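Take a look at the structure set out below.
Please read all numbers here as calculations on a predicted model, not as lab measurements. Numbers here are sequence positions counted from 1.
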Amino acid sequence: MNTTETSRFVAELRSRILDGTLPAGTRLDAERELAAHYELSRTTIRAGLQALASEGMIQRKIGRNGGSFVTTPSGDTVTSSLQLVIGTGGIAERDLMETRLAIEPQCADLAATRMSEDEIGKLSAIQSEMTAAIRPVGNPADRPAFLRANARFHLHIAQGSHNHALSAILAGLIGPIEVLTDDPHLVGPGQLREVVQAHEHIFSAIKSRDGVRAADVMRKHLHAHIRLSNKH
């Protein structure tokens, strides 16, 4: 099987799905017909269809009325695709931070007016986990617990925006966000406390249903991290 040919087939079919040429519900031709059309082996076609199925672009059904059907990509599909691209593409830290600056203040603004009381309560609980992680009695900060809670805090706000596109994008960035924060030389105990304080301001704005202030403090929080990174 030629991996280059498989990639070319996947890219072409993916493009036709995303631009609407092959709308959701479309039944693709059989493997034999696709192989003849693209002048590829059936093994290559089968591998390409499996790849598209793993991306959530198509659904493969077995049986009398089976075949490969185009599906509408879900938020989870967007997230997993972003995680794959970012994880393997060597995306620069600057690009990641600019992306966060573009979407997280907007998420905070929307969350301030759209979060339910239960969602705000959960955000408060996550904030408490972060505080507890940096103040264990007689022990050093529980850095892994802090990083997990930090990522969940930002993701929960994105989910609280009730904008599935924004939350799916941020979910795809969560892994890299944790990695960027997990640098003891860059983010020491003092910086961990500053993060908690910044989060308290963000939480307060969201709880007060002040979207403008929530967006502003989120933006300042992210800019502070950028300045810290530039000093490293």
dist Ile157:CD1 -> Gln159:CD (nearest 0.5 Å) comes out at 10.5 Å
Salt bridge (charged side-chain N to carboxylate O under 4.0 Å, His left out) filter on Arg114, not counting sequence neighbours, yields none
Spell out, as yes or no, whether a donor-acceptor pair under 3.5 Å connects the side chain of Arg27 to the backbone of Gly66. yes
In short, ring pair (Phe, Tyr, Trp, His ring centres under 6.0 Å) pairs touching residues 191-219 with sequence neighbours left out are Phe153-His199, His154-His199, His199-His221
I'd like to know if the side chain of Ser128 and the backbone of Ser124 have a donor-acceptor N/O pair within less than 3.5 Å.
yes
Leu13 and Arg16, any side-chain heavy atoms less than 4.5 Å apart: yes
Closest heavy-atom pair, Val10 versus Ala51, reported as atoms and distance to 0.1 Å, is CG2-CB, 4.1 Å
Tightest non-hydrogen contact, residues Ala108 and Ile206, listed as O-CG1, 4.2 Å
Does Thr71 reach the main-chain N or O of Met57 with its side chain, forming a donor-acceptor pair under 3.5 Å? yes
Across all chains, not counting sequence neighbours, the side chain to side chain donor-acceptor pair (under 3.5 Å) partners of Glu129 are Arg152
So the side-chain hydrogen bond (donor to acceptor under 3.5 Å, both in side chains) pairs with at least one residue in residues 204-219 (sequence neighbours excluded) are Glu117-Arg209, Asp216-Lys220
Sequence neighbours excluded, the answer for side-chain contact (heavy atoms from CB on, under 4.5 Å) partners of Ala125 is none
Here the ring pair (Phe, Tyr, Trp, His ring centres under 6.0 Å) pairs for residues 18-54, sequence neighbours left out, are Phe9-Tyr38
Sequence neighbours excluded, the answer for side chain to side chain donor-acceptor pair (under 3.5 Å) partners of Thr21 is Asp19
In terms of heavy-atom contacts, Pro105 and Ala215 come closest through O-CB, 3.3 Å
Between the NE2 atom in His223 and the CG atom in Leu101, the distance rounded to the nearest 0.5 Å is 4.5 Å
In short, salt bridge (Lys or Arg N to Asp or Glu O under 4.0 Å) pairs touching residues 155-166 with sequence neighbours left out are none
Separation between CD1 (Ile134) and CE (Met130), nearest 0.5 Å, reads 7.5 Å
* **Close side-chain approach of Thr99 and Glu104, heavy atoms under 4.5 Å** => no
By side-chain contact (heavy atoms from CB on, under 4.5 Å), Thr26 pairs with (sequence neighbours left out) Leu22, Pro23, Val70
Correct closest heavy-atom pair for Ala112 and Ala205 would be CB-O, 4.4 Å
When every non-hydrogen atom of Glu119 is compared with those of Met115, the smallest separation belongs to OE1-CA, 3.2 Å
CG of Leu123 to CD1 of Ile202, rounded to nearest 0.5 Å, is 9.0 Å
Across all chains, not counting sequence neighbours, the side chain to side chain donor-acceptor pair (under 3.5 Å) partners of Ser68 are Arg60
Of all heavy-atom pairs linking Ile126 and Ala149, the shortest is CG2-O, 3.3 Å
Rounded to the nearest 0.5 Å, the CG atom of Leu192 sits from the CD atom of Gln197 at a distance of 11.5 Å
Separation between CZ (Arg42) and CG (Leu49), nearest 0.5 Å, reads 11.0 Å
Applying side-chain contact (heavy atoms from CB on, under 4.5 Å) to Ala158 and not counting sequence neighbours gives Cys107, Ser167, Leu170
Sorted by chain and number, sequence neighbours left out, salt bridge (charged side-chain N to carboxylate O under 4.0 Å, His left out) with Arg46 holds for Glu31
